[in-house]
Engineer: 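Just dropping this structure here.
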Number of protein chains: 2
Amino acid sequence: MDSRSDASPSRVDDLLCFLVHSTGAAFNRVYRKPLERLGLTYPQYLVMLTLWTDDALSVGQIGDRLRQDSNTLTPLLKRLEGLGFVTRTRSAADERRVVVRLTAEGRRLRESVAEVVGCVRETVGLDEGDLAQLMERIRSLRDNLDAAAAMTPPR
Amino acid sequence: MDSRSDASPSRVDDLLCFLVHSTGAAFNRVYRKPLERLGLTYPQYLVMLTLWTDDALSVGQIGDRLRQDSNTLTPLLKRLEGLGFVTRTRSAADERRVVVRLTAEGRRLRESVAEVVGCVRETVGLDEGDLAQLMERIRSLRDNLDAAAAMTPPR
DNA sequence: GTCGTATAAATCGTACACGATAGGATCGCA
DNA sequence: TGCGATCCTATCGTGTACGATTTATACGAC
């Protein structure tokens, strides 16, 4: 009920949604150059991270972890396949599934990446405690938004 | 120097960059449906917000506020023009500039939007103090990232 | 006044995001 | 055993995002 509860906020930079949006873009900018040296985009890097943790995942399993669907992942995975970092094969047990596996080169990439993660970790400029707290708040914010979006929109 | 300082994090969901990224997507999902009723996408909505605050801005001024460049904004503004919400006219004083102005219909849209902002504000589930603190932390995070990206990347 | 430089917007190519839909495989159950 | 519902991936269309380049205008030093 305060003075700005309804009127348009004075600046987009005073909106939480815009701050989150632009901070995501800023992360992207920081990651772009070092990843480019490895031949990866940021979304491709996220897929590689996922496979370095658990290899041989289906498209859907990767999508669960990254919160995206096959319409985004299929072309992205084909590019990673074209780059020689993963293979895509139909599962014999369930022909509906496509299993994505790291190649030797894909596994090798993991070492080159350690420095990328490390250098970004420093630029965020937060100590362990603040980082953990910030992450927890953002996660809970995201969960609230997800829950709101999941409600069948009234009408 | 702790145990996870170098190895790949166990899950993308434990990375700050991914949390920010996916929270931005979650905001987008929440906004999508109500904005769709107005005929706007989320980035278009950000442009409208900017113009509701300051009308008659050049493409570059809009870009300063939204942190994007003409390569993204030009086609987006042409769509808003096609929808009848803005006009785009070359400035007489400086023929390089294109000035974007709200139409009557574009101004009218502002009222329909109040409820959108209000309903999203509730779903974030934070009180005034927490919201302000979270926003300040994210802003400072973004500034750190911007500063890092601005450094001419060594080698 | 002329020329080089800076600035503003537009254009181009590639990659993501995402709603909607299609097509094939699997499963459950009558 | 057959058949409808469900699941999984792929495809399509539209709308961003963004680096690199292009074109046109403005400005400053001379």
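Letters A, B, ... are given to chains in the order of the sequence lines, protein chains preceding strands, and every chain is numbered from 1.
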Engineer: Drop me the distance from B:Leu145's CG to A:Ser22's OG, to the nearest 0.5 angstrom.
Structural biologist: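 Reported value, rounded in 0.5 Å steps: 10.0 Å.
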
Engineer: For the side chain of A:Thr74, starting at C-beta, report the closest nucleotide among D:dA26, D:dT9, C:dG19.
Structural biologist: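 Looking only at side-chain atoms, A:Thr74 lies closest to D:dT9.
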
Engineer: Please report the distance, rounded to the nearest Å, between CG in A:Leu40 and P in C:dT14.
Structural biologist: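 Distance, rounded to whole Å: 18 Å.
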
Engineer: Side-chain donor or acceptor of A:Arg96 under 3.5 Å from a matching atom on the base of D:dT9?
Structural biologist: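 Not at all, since no donor on one side and acceptor on the other fall under 3.5 Å apart.
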
Engineer: Is there a residue in residues 75-88 of chain B whose heavy atoms reach under 4.0 Å of DNA chain C, and which residues are they?
Structural biologist: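 DNA chain C contact set from residues 75-88 of chain B: B:Lys78, B:Arg88.
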
Engineer: Map A:Asp69 and B:Thr41 onto DNA chain D by nearest heavy atom, then report which one ends up closer to the 5' terminus.
Structural biologist: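 Final value for this comparison: A:Asp69.
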
Engineer: Using residues 82-89 of chain B as the side-chain source, report each donor-acceptor pair under 3.5 Å to any protein atom, sequence neighbours left out, with the distance given to one decimal.
Structural biologist:
from	atom 1	to	atom 2	distance (Å)
B:Arg88	NH1	B:Glu81	OE1	3.1

Engineer: Name the closest nucleotide to the A:Arg90 side chain, picking from D:dT9, D:dT16, C:dG19.
Structural biologist: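 Given the options D:dT9, D:dT16, C:dG19, the side chain of A:Arg90 is closest to D:dT9.
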
Engineer: Can you work out whether B:Asn71 or A:Thr72 has the more 5'-proximal nearest nucleotide on DNA chain C?
Structural biologist: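 By nearest-heavy-atom nucleotide position, the 5'-most residue is B:Asn71.
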
Engineer: Measure the distance from OH on B:Tyr31 to C1' on C:dA17 and round it to the nearest whole Å.
Structural biologist: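 Interatomic distance, OH of B:Tyr31 to C1' of C:dA17: 19 Å.
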
Engineer: What verdict does the side chain to side chain contact (heavy atoms under 4.5 Å, CB included) test give for A:Asp69 and A:Thr72, after you've listed the backbone C-alpha separation in whole Å, the side-chain angles of each residue and the deciding distance to 0.1 Å?
Structural biologist: CA-CA 6 Å; A:Asp69 214 339; A:Thr72 298; 5.8 Å; no

Engineer: Decide yes or no, distance alone: a donor-acceptor N/O pair under 3.5 angstrom between the base of D:dC8 and the side-chain of A:Arg97.
Structural biologist: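 When only heavy-atom distances are counted, A:Arg97 does not reach the base of D:dC8 through any donor-acceptor pair under 3.5 Å.
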
Engineer: Just how far, in rounded Å, is P of D:dG19 from CG of B:Leu73?
Structural biologist: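 One finds 14 Å between P of D:dG19 and CG of B:Leu73, rounded.
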
Engineer: Between the side chains of A:Thr53 and B:Arg11, is a donor N or O closer than 3.5 angstrom to an acceptor N or O?
Structural biologist: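 No, no side-chain donor-acceptor pair sits under 3.5 Å.
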
Engineer: Side chain of B:Ser70, heavy atoms from C-beta onward: which of C:dA9, D:dA26, C:dA25 has the nearest atom to it?
Structural biologist: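 For the B:Ser70 side chain, the nearest candidate turns out to be C:dA9.
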
Engineer: Nearest-Å distance, NE2 (B:His21) to C1' (C:dA15)?
Structural biologist: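 Checked: the NE2 to C1' distance equals 13 Å.
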
Engineer: A:Leu46 CG to C:dA15 P: how many Å, rounded?
Structural biologist: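 Going from CG in A:Leu46 over to P in C:dA15 covers 16 Å.
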
Engineer: Does any non-hydrogen side-chain atom of A:Arg142 lie less than 4.5 Å from one of A:Asp146?
Structural biologist: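 Sidechains of A:Arg142 and A:Asp146: in contact.
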
Engineer: Minimum heavy-atom separation for A:Tyr42 to B:Phe18, with atom names?
Structural biologist: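 Here A:Tyr42 and B:Phe18 meet closest at OH-N, 3.8 Å.
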
Engineer: Rounding to an integer number of Å, can you tell me how far B:Lys33 NZ sits from C:dA20 C1'?
Structural biologist: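 Computing the B:Lys33:NZ to C:dA20:C1' distance gives 12 Å.
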
Engineer: Near DNA chain C, which residues from residues 57-66 of chain A have a heavy atom under 4.0 Å away?
Structural biologist: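 Per residue number, the list is empty: none.
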
Engineer: Could you state the CZ-P distance from B:Arg29 to C:dC18, rounded to the nearest angstrom?
Structural biologist: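 Result: 6 Å.
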
Engineer: Would you mind reading off the distance between A:Asn28 atom CG and D:dG19 atom C1', rounded to a whole angstrom?
Structural biologist: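 Computing the A:Asn28:CG to D:dG19:C1' distance gives 12 Å.
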
Engineer: Are A:Val59 and A:Val99 packed together at the side-chain level, in the sense that at least one heavy-atom pair is separated by less than 4.5 angstrom?
Structural biologist: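 Contact flag for A:Val59/A:Val99 side chains = no.
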
Engineer: Once you measure the plane-to-plane angle for B:Tyr45 and B:Tyr31, does it fall in the parallel (<30°), tilted (30-60°) or perpendicular (>60°) bin?
Structural biologist: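 If you compare the ring of B:Tyr45 with that of B:Tyr31, the planes turn out tilted.
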
Engineer: Can you tell whether the side chains of B:Glu136 and B:Arg139 come within less than 4.0 Å, N to carboxylate O?
Structural biologist: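 Result for this pair is yes, salt bridge flagged.
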
Engineer: So, does B:Ser70 use its side chain to make a donor-acceptor pair with the main chain of B:Leu73 at under 3.5 Å?
Structural biologist: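 No; judged by distance alone, with no hydrogens or angles, the pair does not exist.
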
